[in-house]
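The structure appears below as structure tokens.
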Amino acid sequence: MNHTIQYLQSDAAERGIEIGVLVNSLILDAITAKASDIHIEPWESTLAVRVRLSGVLTELVHLPLDLMEKISGRFKVMANLVTYQTDLPQEGHASAGPELGGVELRISIFPTTRGEKIVVRLFDPSNRSFDMAALGFDDDTHKSLTELLARPNGLILLTGPTGSGKTTAIYSALYHIVQRSGPAVSISTVEDPVEFNLPMISQAQINPLQEFTYPKALRSLMRQDPQVIMVGEIRDAETASIAVQAGLTGHLIISTIHSGIAAGVFARLINMDIEPFLLASSINAVLGIRLIRKNCTYCSQPYKPEPALTRLMPDELVATTEFRRGTGCAECLQTGFAGRTAVTELLVADEVFRDAVLQKLPTRQLHQIAVQQGMQTMWQNGVRRVVAGQTTLEEILRVVSADQM
Ligand SMILES: [Zn+2]
């Protein structure tokens, strides 16, 4: 499996390492392992190469430190960066070429005191599915989301930290609309950056250096007669204001916003000077999302979690649940986990909830009202995964904090 080690031990490498072949081997190893990122980092006595597998960094190989400049030089050539520049950060894109399956690379080079640290994010088109059913959402959430995507106007906001699966979920939602409506719908996106090119969708990438910002792009887009607009992220008052106006004037807006829990989005937008009555009438739903690791099916076995943890679950559920966890095997590289899935909380704004937003109630109360109106919290959704034996209680608590219960 480890192409890099095979290459380093080959006769060809013995005669002199070819940097192009070495770098390709590293990328191939990362793709084979289904890694999301490669980290190449000068440590004290080696050049450490690690890959991120299911969200966790894992050592791939250690290379001699004197290869550092050649390797960063190679990546700079691939991404059209300035090769002699070593003391400033640089970023670029590259395609890994057909022999590596056309994987897209986002390359970031950062000067550290020991030399340049290279992080390569991999986007493997063959490994990415934009099927909504493949997101791992439970049936209720999937069904509600499908209904929400059929509405002609209003906002659907996704919230979750970096790497929580928001981008995949948004792309899947757009892809769903394309499949449902075909050429009858006009869809535009403004993103930072565009991670994938989707069929039948006009995608644009903002470029703040050229003053092509979210607000500027959105204002211009409104004259492009779109029906569905995806905004990469709402992070300033101006973008928020245009997005809300667009949602009120006959457009379906899908975007992301930073917030701990789904109900927290409203306070966040009020802090961006959006009037509560505008939020109450424009926001259709907020989807909170996190990724959890799934138990490896080859080595998962019953176990007993700490009482301090099971105490967080309803007693009757604890009594009837067979808790399972992976014990580690060759299939899962001894991690006990294999693959990831999403846990979610979908807050659908109904009349009662919209009323509560109008009254400018604090986040905690909005959360409680959403629960009363039928929202399953992220914690409850996670516990369902534990009960089904899909993951451990510890894993849910890694991504869901106590205030989300
Ligand atoms: Zn296993």
Side-chain angles (χ1 to χ4, degrees), residues 137-138 140-141 144-145 148 151 153-162 164-166 169-170 214 231-248 253-292 309 311-314 342-384 396-405:
F137 292 178
D138 60 288
D140 296 343
T141 304
S144 303
L145 201 56
L148 287 161
R151 294 195 194 172
N153 51 38
L155 273 73
I156 301 174
L157 298 174
L158 279 75
T159 186
T162 307
S164 59
K166 290 184 306 243
I170 281 206
Y214 274 124
V231 185
E233 189 186 357
I234 295 176
R235 55 186 173 212
D236 60 89
E238 212 180 348
T239 306
S241 166
I242 304 171
V244 166
Q245 283 304 331
L248 288 169
I253 310 294
I254 308 175
S255 188
T256 70
I257 185 166
H258 191 76
S259 161
I261 60 175
V265 163
F266 297 86
R268 177 112 163 89
L269 284 164
I270 287 169
N271 278 337
M272 290 184 188
D273 292 329
I274 309 289
E275 294 292 338
F277 77 92
L278 292 176
L279 295 180
S281 44
S282 64
I283 295 183
N284 293 337
V286 183
L287 177 72
I289 181 167
R290 304 284 186 280
L291 285 178
I292 52 156
L309 303 183
R311 221 169 284 145
L312 300 167
M313 286 173 59
V343 287
T344 55
E345 66 182 10
L346 180 62
L347 190 167
V348 181
D350 60 8
E351 282 308 309
V352 175
F353 188 83
R354 287 179 199 272
D355 234 31
V357 174
L358 268 179
Q359 293 171 39
K360 230 177 148 175
L361 295 183
T363 295
R364 197 69 229 168
Q365 264 173 284
L366 287 181
H367 178 79
Q368 279 159 4
I369 289 167
V371 171
Q372 279 162 25
Q373 297 302 107
M375 180 179 83
Q376 186 185 53
T377 66
M378 188 114 46
W379 165 249
Q380 289 166 336
N381 191 257
V383 166
R384 265 164 69 157
I396 300 298
L397 287 162
R398 187 178 68 88
V399 299
V400 181
S401 61
D403 66 343
Q404 289 158 334
M405 295 174 184

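All values reported here derive from a predicted model rather than from experimental measurement. For reference, positions follow the sequence shown, starting with 1.
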Is the backbone N or O of Val343 less than 3.5 Å from a side-chain atom of Asn381, with the two atoms forming a donor-acceptor pair by type?
no
Tell me, do Phe353 and Leu347 make a side-chain contact under 4.5 Å, heavy atoms counted?
yes
Might you work through the side chain to side chain contact (heavy atoms under 4.5 Å, CB included) test for Leu291 and Val399, ending with a clear yes or no?
CA-CA 8 Å; Leu291 285 178; Val399 299; over 6 Å; no
Looking only at atom types and distance, does a side-chain atom of Ser144 sit under 3.5 Å from a main-chain N or O of Asp140, one as donor and one as acceptor?
yes
Given side chains that start at C-beta, do those of Val348 and Leu148 come closer than 4.5 Å, heavy atoms only?
yes
If you count the non-hydrogen atoms of other residues, nucleotides and ligands that lie under 6.0 Å from CD in Glu351, is the total more than 12?
no
For the side-chain contact (heavy atoms from CB on, under 4.5 Å) test, which of Asn284, Leu279, Val244 pairs with Leu155?
Val244
Euclidean distance, Thr344 OG1 relative to Arg290 CZ, rounded to 0.5 Å
10.5 Å
Can you name the nearest heavy-atom pair linking Leu358 to Ala280, along with the distance?
CG-CB, 3.9 Å
Let me confirm one number: the CG-OG distance from Leu157 to Ser282, rounded to the nearest 0.5 Å.
8.0 Å
With Asp350 via side-chain hydrogen bond (donor to acceptor under 3.5 Å, both in side chains) - residues at least two apart
Gln373
Distance from Asp273 atom CG to Asp236 atom CG, nearest 0.5 Å?
11.5 Å
Determine whether a donor-acceptor pair (N or O, by modelled atom type, separation under 3.5 Å) exists between the side chain of Gln380 and the backbone of Thr377.
yes
Closest non-hydrogen atoms of Leu248 and Ser281, given as atom of the first, atom of the second and distance, are CD2-OG, 3.7 Å
Might you point out which heavy atoms bring Ile270 and Lys360 nearest each other, and give the distance in Å?
CG2-CE, 3.7 Å
Enter the distance from Thr363:OG1 to Ile261:CD1 here, rounded to the nearest 0.5 Å.
6.0 Å
The side chain to side chain contact (heavy atoms under 4.5 Å, CB included) partners of Arg398 (sequence neighbours excluded) come to Arg293, Glu395
CG on Leu287 to CD1 on Ile254, rounded to 0.5 Å
11.0 Å
Taking the side chain as every heavy atom from C-beta outward, state whether Leu158 and Ser255 have any pair of such atoms under 4.5 Å apart.
no
Verify, without hydrogens or angle tests, whether Glu345 (side chain) and Ala262 (backbone) share a donor-acceptor contact under 3.5 angstrom.
yes
Measuring only between side-chain heavy atoms, which start at C-beta, is Ile283 closer than 4.5 Å to Leu269?
yes
Shortest non-hydrogen pair, Met313 vs Trp379, comes out as CG-CZ2, 4.2 Å
Check side-chain hydrogen bond (donor to acceptor under 3.5 Å, both in side chains) between Asp355 and all other residues, then give those that pass, not counting sequence neighbours.
none
Where is the tightest heavy-atom contact between Val357 and Leu366, given as atom of each residue plus distance?
N-CD2, 4.0 Å
Is the shortest side-chain heavy-atom distance between Pro161 and Lys166 below 4.5 Å?
no
Check whether any side-chain heavy atom of Leu346 lies under 4.5 Å from a side-chain heavy atom of Phe137, and answer yes or no.
no
Determine whether Ile257 and Arg268 make a side-chain contact, defined as any pair of heavy atoms from C-beta on separated by less than 4.5 Å.
yes
Considering only heavy atoms from C-beta outward, does the side chain of Leu361 approach that of Ile369 to under 4.5 Å?
yes
Shortest non-hydrogen pair, Gly232 vs Tyr214, comes out as CA-OH, 3.4 Å
Distance check, rounded to the nearest 0.5 Å: Ile289 atom CD1 versus Thr256 atom OG1?
11.0 Å
Whether the side chain of Asp138 engages the backbone of Arg384 through a donor-acceptor N/O pair (distance < 3.5 Å, no angle test) should be reported.
no
